[in-house]
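Reading through the structure tokens given below for one structure.
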2 protein chains.
Amino acid sequence: MAQGMDKASLGELHMLVEHVGPLHAGDHVFRVGDPFEAIAAVRAGTVKTYIIDANGREHVLGFHFPGEVIGLDGIDGDTYPCNAVALDTVMLCRFSFPKISVLAGKLPGLQQHLFRLLSRSIGRAALLAGDWTADERMAAFLIGLSRRLEARGFSPDRFQLTMARTDIANYLRLAPETVSRVLKRFQRDGMIAVDRRELELLDRVQLETLAGPVLRS
Amino acid sequence: MAQGMDKASLGELHMLVEHVGPLHAGDHVFRVGDPFEAIAAVRAGTVKTYIIDANGREHVLGFHFPGEVIGLDGIDGDTYPCNAVALDTVMLCRFSFPKISVLAGKLPGLQQHLFRLLSRSIGRAALLAGDWTADERMAAFLIGLSRRLEARGFSPDRFQLTMARTDIANYLRLAPETVSRVLKRFQRDGMIAVDRRELELLDRVQLETLAGPVLRS
DNA sequence: CGACAAGTTGAACTCTGTCAATCCGGGTGG
DNA sequence: CCACCCGGATTGACAGAGTTCAACTTGTCG
């Protein structure tokens, strides 16, 4: 959140930051319909955002790692349009939106930053939008995770799948069975090693080739 | 673009608006890699946004009608991330982004408006994101067009499909053949009357029922 | 009138979802 | 400490929606 901001901005930001946590697996950060007051940056752990449609089916919207911001889609409206739940032990920072919005008027740097943050989110849906095959989706998902974790200082080649298989399936719009089969095939072909939630990327080149069209779209 | 803004804001806006057009079918508004300088509001006609992926395949991102804004996804970066092409005769207004951004710092109303505009775009991908059937996608597409056109003062029941079948197919992530078959079936079932690019919605209720889960997601 | 692009139609195939059975690991209680 | 259970995960068989490929039709424009 703070990268690219000058010291003065950071000083002012301090006053409107509220540290929250720890939350535990299953705890909600916010729910659909809660009054929108703040956006939040994940400091530790994984947050899943999702909605329940009219038929009672869950739709996973995304997974959010340390350094990433949740709640942006609430800006257009006075309540949150989705639920956010902790998948493991989560720490976060809440930024009061009314306050940060006023401050943005005074600090062009912050305004710019918020604009960019919002704009970036618009392009995010590529993975879900295309008519990609199950293999392409899964490869893109893994590479995406890897890159985001690496950008946050974690190992890009070895990490935990903090979310359940059913969550991955739901997010990628695949059946859980398909997720199983694809992961198994990826392992058979030497591209990954997976054991329960533990994942290792063995052939990043081939994965990126598969994921290529999805990520560069 | 202007709704909800006071008179003073409008006066200041005037100075940074540039009227562009007419563009003709096939003319580009901007292309991938063009320096990002401005967002634009469509005043007349239809604009298609799309990208070409690494394999040279086109992906249609959206269709934009009078009153709608294009170029928002360029804010994060110094070049446009997609192409925008006129599908028929198009008129538009360009808003210099650096200028509007500075102005937004002085006018909280405008800033708020931009935030909302951006935020709203984030949720737009629903039609493409879900694993909907071809029928649901097409129904949602038609109802979506109808509603947007109605909001802009056009007839909601009778309108032109200004885009080619292949564009619709590409946008909905279906094969062109599937688009043909679905439209034909919709017509056989009395839900629409379609002749070339001319479309009439005959049974809005049934279409909305079909589209329901997609639109309410 | 003829040629080309866009659209439509038909038939075969393929990927993925569905359903059902089975496996596995972690937690529980005896 | 070990047998038992339960939910998530895996595996297999099958069916169906949609793609693909190819042929054909229609409309448009020179």
Side-chain angles (χ1 to χ4, degrees), chain A residues 24-26 46 48 50 53 55 57-60 85 87-88 127-142 160-189 192-199 210 213-214, chain B residues 24-26 48 55 57-60 85 87-88 127-141 160-189 192-199 210 213-214:
Chain A
H24 301 101
T46 313
K48 173 180 87 170
Y50 69 98
D53 71 16
N55 305 329
R57 277 195 292 268
E58 175 174 336
H59 294 255
V60 175
V85 64
L87 292 183
D88 47 14
L127 207 162
L128 306 167
D131 62 337
W132 314 109
T133 65
D135 287 21
E136 290 169 330
R137 278 166 196 253
M138 182 57 73
F141 177 68
L142 296 177
Q160 290 259 344
L161 296 172
T162 46
M163 65 295 293
R165 294 287 192 279
T166 52
D167 285 334
I168 299 177
N170 190 314
Y171 175 65
L172 295 178
R173 276 59 172 137
L174 297 171
E177 293 90 334
T178 304
V179 169
S180 267
R181 289 189 249 267
V182 172
L183 285 177
K184 176 146 229 213
R185 187 151 26 77
F186 279 9
Q187 184 163 45
R188 178 171 60 73
D189 296 349
I192 64 172
V194 59
D195 175 55
R196 295 291 291 164
R197 301 251 171 134
E198 207 70 48
L199 189 90
L210 256 178
V214 182
Chain B
H24 302 102
K48 172 181 88 171
N55 304 329
R57 278 195 290 266
E58 176 176 334
H59 294 254
V60 176
V85 64
L87 291 183
D88 47 14
L127 205 163
L128 305 167
D131 60 339
W132 314 108
T133 66
D135 287 20
E136 290 168 330
R137 279 165 195 254
M138 182 59 73
F141 176 68
Q160 291 259 343
L161 296 172
T162 47
M163 64 297 292
R165 294 286 191 278
T166 52
D167 285 335
I168 300 177
N170 190 314
Y171 175 65
L172 295 178
R173 277 55 170 141
L174 298 171
E177 293 91 334
T178 305
V179 170
S180 266
R181 289 188 248 266
V182 172
L183 285 178
K184 174 148 229 210
R185 187 149 27 77
F186 279 10
Q187 184 162 44
R188 176 170 62 73
D189 296 350
I192 65 172
V194 59
D195 175 54
R196 294 292 289 163
R197 300 257 171 127
E198 208 70 48
L199 189 90
L210 256 178
V214 181

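Computed over heavy atoms, backbone and side chain alike; hydrogens, waters and symmetry mates excluded. These numbers were taken from a predicted model, which means no experiment stands behind them.
Residue Asp135(B) holds its CG atom at 12.5 Å from CZ of Arg181(B), rounded to the nearest 0.5 Å. The CG atom of Leu210(A) sits 11.5 Å away from the CE atom of Met138(A) when rounded to the nearest 0.5 Å.
Judged purely by atom type and a 3.5 angstrom limit, Asp131(B) has no side-chain atom pairing as donor or acceptor with the backbone of Arg173(A). Remark: the backbone N or O of Trp132(A) is paired with a side-chain donor or acceptor of Arg137(A) at under 3.5 angstrom. Listed for the Asp88(B) side chain is no donor-acceptor partner under 3.5 Å among the backbone atoms of Thr162(B).
Distance from the side chain of Ser180(A) is smallest for dA9(D) among the nucleotides dA20(C), dA9(D), dT20(D). Of all nucleotides listed (dT18(C), dG7(C), dT8(C)), dG7(C) comes nearest to the side chain of Thr166(B). Candidate nucleotides dG17(C), dC19(C), dA9(D) were compared by shortest atom distance to the side chain of Ala175(A), and dG17(C) ranks first.
When the P atom of dT19(D) is taken as reference, atom CZ of Arg173(B) falls 12 Å away, rounded to whole Å. Asp195(A) places its CG atom 12 Å from the C1' atom of dA9(D), with the value rounded to the nearest Å. Following rounding to the nearest Å, Leu199(B) (CG) and dG7(C) (P) show an atom-to-atom distance of 14 Å. Put simply, CD on Glu177(B) is 11 Å from P on dG7(C), counting in whole angstrom units. Taking atom CZ of Arg57(B) as the reference point, atom P of dT19(D) lies 13 Å away to the nearest angstrom. Atom CZ of Arg137(B) and atom C1' of dG18(D) are 11 Å apart (whole Å). At whole-Å resolution of the value, CZ in Arg196(A) and P in dC23(C) are 16 Å apart. Look at CD on Glu198(B): it is 20 Å from P on dT26(D), rounded to the nearest Å.
As judged by a 4.0 angstrom heavy-atom cut-off over every strand, Ala164(A) is placed among residues touching the sugar-phosphate backbone only.
Residue-to-nucleotide proximity on DNA chain D shows that, of Asp167(A) and Asp131(A), the 5′-proximal contact is made by Asp167(A).
At the phosphate of dT19(D), OP1 or OP2 sits under 4.0 Å from a side-chain N or O atom of Thr178(B). Arg165(B) has a side-chain polar atom (N or O) that falls below the 4.0 Å cut-off from OP1 or OP2 of dT8(C). Between Lys184(B) and dT9(C) there is a side-chain polar atom (N or O) within less than 4.0 angstrom of OP1 or OP2.
Below the 3.5 angstrom threshold, one finds a donor paired with an acceptor across the side chain of Arg181(B) and the base of dT20(D).
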